[in-house]
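No experiment lies behind these values; they were computed from the predicted model shown.
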Amino acid sequence: MAALFQFVMRSGPTPGVIFPLEGDQLIIGRDAVNAVAINDAEVSRKHARLTFQGGKYVLEDLGSTNGTFVNGQRLVSSTVLKPGDVVSLGEQIVLMYEGLSADAGATMIGRKAAHPAPAPAPAAAPAAQYYAPPSSAAPSGARPAKNMPIFIAIGVVAVICVCVAALWYIDSNYMWCTFFPFLSGCG
């Protein structure tokens with residue numbers, strides 16, 4: 001079976017390394033005999049399993065110590081991968097799942113490319129845009145931060161309204177000299 005999909009390591013011990021995914025069942029882990037072998041202490045010897053079903057790969061965690069994540073969500077059951085998904089093993093290992101062209105004349109890349117894919121350019125946002133560790137994962141139902149400017153504007157308008165109301169009250173009750181005795185004519 002020719003590789004239809006691949007992993008590209010975005011962060012970890014060998015950024016840019018390409019792992020062509022060939023076979024009906026592949027093990028990802030630290031053990032060198034695995035189809036996707038990643039020599040890093042955060043990766044369990046047999047960390048996760050890929051199973052090819054219906055033209056797609058299904059990913060499942062094999063009880064790893066540091067967890068397997070897809071797009072920042074910890075796997076608790078099998079998940080069908082889609083091209084563009086970000087698979088994280090623990091907190092430091094990030095793999096991009098990509099589909100390959102079905103062009104029969106295309107040259108296939110070997111397990112460890114002589115010229116690995118370039119590391120992604122540094123983004124303005126931190127790596128957390130790809131991976132949120134379980135301890136910092138937002139609780140379900142949390143409001144997105146995009147509403148924050150609206151709340152700030154409402155707060156500013158409320159403060160201005162309170163100040164205007166206080167000054168109106170002081171002026172309408174002729175209490176300027178009570179609150180501001182340093183004004184001219186208050187002596």
Side-chain angles (χ1 to χ4, degrees), residues 1-123 125-134 136-141 144:
M1 165 174 146
L4 298 174
F5 301 97
Q6 67 184 14
F7 277 136
V8 177
M9 185 174 289
R10 294 295 179 197
S11 69
T14 53
V17 168
I18 297 170
F19 298 96
L21 304 178
E22 298 176 357
D24 292 333
Q25 203 169 76
L26 309 169
I27 302 295
I28 302 169
R30 191 174 67 236
D31 199 346
V33 299
N34 293 324
V36 178
I38 301 171
N39 188 14
D40 189 276
E42 252 188 73
V43 179
S44 298
R45 282 189 285 284
K46 292 188 184 285
H47 197 99
R49 176 180 19 239
L50 284 168
T51 307
F52 195 71
Q53 298 175 354
K56 300 176 181 182
Y57 274 106
V58 177
L59 179 66
E60 64 180 305
D61 186 82
L62 295 176
S64 64
T65 304
N66 294 315
T68 303
F69 302 82
V70 175
N71 300 324
Q73 299 296 314
R74 188 175 189 134
L75 285 185
V76 292
S77 63
S78 298
T79 300
V80 176
L81 292 178
K82 298 176 294 305
D85 281 347
V86 176
V87 176
S88 303
L89 309 173
E91 293 185 19
Q92 303 298 321
I93 312 302
V94 178
L95 304 168
M96 180 66 74
Y97 180 71
E98 298 177 346
L100 297 175
S101 168
D103 180 8
T107 304
M108 296 305 293
I109 299 172
R111 178 161 183 175
K112 296 212 178 198
H115 302 287
Q129 74 187 41
Y130 295 114
Y131 169 75
S136 66
S140 61

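- Checking side-chain atoms of Ser11 against main-chain N and O of Gln92 turns up a donor-acceptor pair under 3.5 Å.
- Exactly one of Thr79, Leu62, Leu89, Val43 qualifies for a side-chain contact (heavy atoms from CB on, under 4.5 Å) with Thr68. That residue is Leu89.
- The side-chain heavy atoms of Met9 and Ile38, taken from C-beta on, include a pair separated by under 4.5 Å.
- Residues Asp61 and Leu75 come closest through the heavy atom pair N-CD1, 4.1 Å.
- The two residues Arg10 and Pro15 have their closest heavy-atom pair at O-CB, 4.0 Å.
- Between Phe5 and Phe52, the two ring planes are tilted [angle within 30° to 60°].
- Here CG of Leu50 is found 9.0 Å from CD of Glu60. Values are rounded to the nearest 0.5 Å.
- No side-chain donor-acceptor contact under 3.5 Å links His47 to the backbone of Ile27.
- Here the CG atom belonging to Leu95 is positioned 7.5 Å from the OG atom belonging to Ser88, to the nearest 0.5 angstrom.
- A pairwise comparison of heavy atoms in Ala35 and Leu26 identifies CB-CD2, 3.6 Å as the closest pair.
- Side-chain atoms of Leu81 and Phe7, non-hydrogen and from C-beta on, do get closer than 4.5 Å to each other.
- Counting heavy atoms from C-beta outward, Leu100 and Leu4 have side chains that stay 4.5 Å or more apart.
- In plain terms, the two heavy atoms of Asp40 and Arg30 that are nearest each other are O-CD, 3.3 Å.
- Contact between Pro13 and Asn39 at its shortest, heavy atoms only, is CG-O, 3.9 Å.
- The two residues Asn66 and Ala41 make their nearest non-hydrogen contact at ND2-O, 4.4 Å.
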